[in-house]
Amino acid sequence: MTRSTRVNVPTWLLHFTVVSQRVVLPDGLKPAAVEIQDGKIKSIRPLKAQHGFQDAGEDVLDCGDAIVAPGLIDTHVHMDEPGREHWEGFTSGTQAAAAGGVTTVIDMPLNNVPATTTGDLLLHKLHASQDQLWVDVGFWGGISPANAHNASIIQGMLQAGALGVKSFMSPSGSDFPNVGLEDVAAALPVLQRAGVPYYIHAELPDLNAPEPKGDPRSHNTWLTARPDSYEIAAQSELFKLIAQLDASASAPGFRLHIAHVSSAKALPALAAAKRKGLPVTAETCPHYLTFAAEGIPDGATAFKCAPPIRSAANQDLLWAALQDGTLDSLATDHSPAPRDMKSLDTGNFLTSWGGIAGLQYALPATWSAMAARGLSPQQLSQWWSSFPATLAGLAGRKGAIAVGLDADLVVWNADALANTTAGALRHKHKLTPFADQAMKGQVQATFVRGQLVFSDGAAFQSAHAMLSPRPCGSALLRTAL
Ligand SMILES: NC(=O)N[C@H]1NC(=O)NC1=O
Ligand SMILES: [Zn+2]
Ligand SMILES: [Zn+2]
């Protein structure tokens, strides 16, 4: 299959060498010269730190001490198009990604309308995305009670190019019905045989829970409405289902992936499931790692998301779980909405849209907190590029700086502050809890398959790396990889 929206840029624009004293390579942070041709990494040569790069015959983009890393792969983004492009949309969403050093996003099957639950609806979304993509974009299909029991519809989504599928176990807040355990159980063997991930929003609500009490302007009221027990219960039920599968029937690439783990209390069972060898992985998000419930002001609904942001003590345990491998990756769950849906006039956490806009700030939010903990840029690339590429089935093509892979690169300064003013923000809506935060990790340039899609000032533009004049991202379809 060759279905693709790739735009061909003349190859003479795409032969140059990126040089830096700090390139994130699979075996460490090193001085290196990365040669790019035809959108791929053609060669990687070591550099002597004290000498710099000297080869008169090559077009060199010298990044000095800036970090050159694999572009980030955000596997959890709601672009909301078609149908809710007034919430975000592919143009603003992928421009924000580019400005944030995110070179690939995988779009969720909701909150676009209708939700992406058939192959035809995926093609409809693909059509809507045409000529709007500034970074590469893949798609998850959606599993709801309406298609979970129909293997040919699920296979149809995969044949149309979905990289895997996604379900909610609690109401999604939009028009994508949540599944029950019987639906998950029906879909799992189909996904297992197909070798694709099953991404799950794992909160299992207690249907007998009383209506939330307390001041609706207090984040604490929202927190008590979405207790840790919802995450614990959902994961526990999922692990039981996964354990019942015939492991020998799993094609490579199949796994259950737990979206946005917020509760540290769910981590011991997750770690135990992994120790048993169950095909389970999990992510958390920058907002859970950088904000704490104690610090959320009354009425500040920009912070509302599900599962909710929990305590500072909980946050420390999420960091520990990332470091010990219980959590595998990071993703933003970028889920913006128009201002009026965030109940800013009343500050009511119970009526506000649940969803945080953070796509453009993935790198600085993560890095600021990592730098404070003494963690390394390689570690950031593991959580933001390497594992996400594996999850999305893109590991042979993206997620590392290695010969033969797509030249998806982010050049970033580890010490400079990111510009977090509204003027620099490319999201369609400027409401974000990261607004005006002092965060280290300034993205200086972003390359998607060798094409410059973002440059902070003129420093990284040259005759050989000119800012792309038009959307040059591709749709990443499973059937065309
Ligand atoms: N519908 C939707 O995007 N929901 C997301 N928002 C959020 O805070 N958690 C989600 O799963
Ligand atoms: Zn979710
Ligand atoms: Zn989401």
Side-chain angles (χ1 to χ4, degrees), residues 74-81 83-89 93 97 105-117 138-144 163-179 184 197-205 219 222-223 225-226 230-231 234-235 238 256-263 266 282-289 291 293 296 300-310 329-338 341-343 349-359 362 388 391-392 427-429 431-434:
D74 190 347
T75 60
H76 193 150
V77 174
H78 299 266
M79 288 290 184
D80 303 337
E81 184 166 4
R84 289 210 179 91
E85 43 275 29
H86 52 299
W87 291 22
E88 186 61 90
V105 303
I106 318 295
D107 181 42
M108 282 294 167
L110 71 160
N111 309 309
N112 50 278
V113 201
T116 312
T117 51
F139 305 95
W140 303 118
I143 293 204
S144 72
L163 300 173
V165 297
K166 162 84 182 284
S167 287
F168 272 68
M169 293 175 77
S170 54
S172 69
S174 78
D175 25 31
F176 177 55
N178 60 285
V179 290
V184 176
Y198 195 179
Y199 219 118
I200 301 209
H201 178 126
E203 282 183 291
L204 192 60
H219 180 266
W222 173 237
L223 189 56
R226 301 295 275 243
Y230 288 14
E231 287 187 68
Q235 290 190 32
L238 290 170
L256 185 81
H257 183 74
I258 312 286
H260 47 47
V261 173
S262 157
S263 171
E283 75 196 16
T284 190
C285 310
H287 42 271
Y288 301 123
L289 294 169
F291 301 124
I296 299 178
T301 56
F303 291 86
K304 181 181 174 182
C305 59
I309 293 167
R310 304 187 195 275
S329 63
L330 296 174
T332 60
D333 191 13
H334 178 70
S335 182
M341 292 193 63
K342 290 296 281 184
S343 300
F349 274 96
L350 301 178
T351 55
S352 166
W353 171 255
I356 284 184
L359 176 57
L391 173 65
H427 301 166
K428 182 157 281 171
H429 300 288
L431 185 72
T432 163
F434 297 104

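Residue indices begin at 1 and follow the sequence shown. Atoms within a ligand are numbered from 1 in the order they appear, just like the ligands themselves. Every value quoted in this text rests on a predicted model; they were computed, and no experiment measured them.
- Which of D333, N111, I356 comes nearest to atom 5 (C) of ligand 1 through a heavy atom is settled by distance: it is D333.
- Only side-chain heavy atoms of S335 come within less than 4.0 Å of ligand 1; its backbone N, CA, C and O stay farther off.
- Annotation for ligand 1: atoms under 4.0 Å from non-hydrogen atoms of A306 are 7 (C), 8 (O), 9 (N), 10 (C), 11 (O).
- The two residues N111 and S174 come nearest to each other via the heavy atoms OD1-OG, 3.0 Å.
- Taking 2.8 Å as the criterion, H201 counts as a coordinating residue of the Zn ion (ligand 2), since one of its N, O or S atoms falls below it.
- The atoms of ligand 1 that sit less than 4.0 Å from any heavy atom of H260 are 11 (O).
- For ligand 1, the atoms closer than 4.0 angstrom to any heavy atom of S172 are 1 (N), 2 (C), 4 (N).
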Tell me, with the steps shown, if K428 and E81 meet salt bridge (charged side-chain N to carboxylate O under 4.0 Å, His left out).
CA-CA 12 Å; K428 182 157 281 171; E81 184 166 4; over 6 Å; no
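- Which parts of ligand 1 touch H78 is read off a 4.0 Å heavy-atom cut-off, strictly below it: atoms 3 (O).
- Judged by distance alone, the side chains of T351 and S343 do bring a donor and an acceptor atom under 3.5 Å apart.
- The ligand atoms of ligand 1 that sit less than 4.0 angstrom from a heavy atom of L110 are 1 (N).
- The shortest heavy-atom contact between T75 and Y199 is OG1-OH, 2.9 Å.
- The nearest protein atom to atom 7 (C) of ligand 1, hydrogens excluded, is given as G354 O, 3.4 Å; this is a heavy-atom distance.
- The protein non-hydrogen atom at the shortest distance from atom 11 (O) of ligand 1 is H201 ND1, 2.9 Å.
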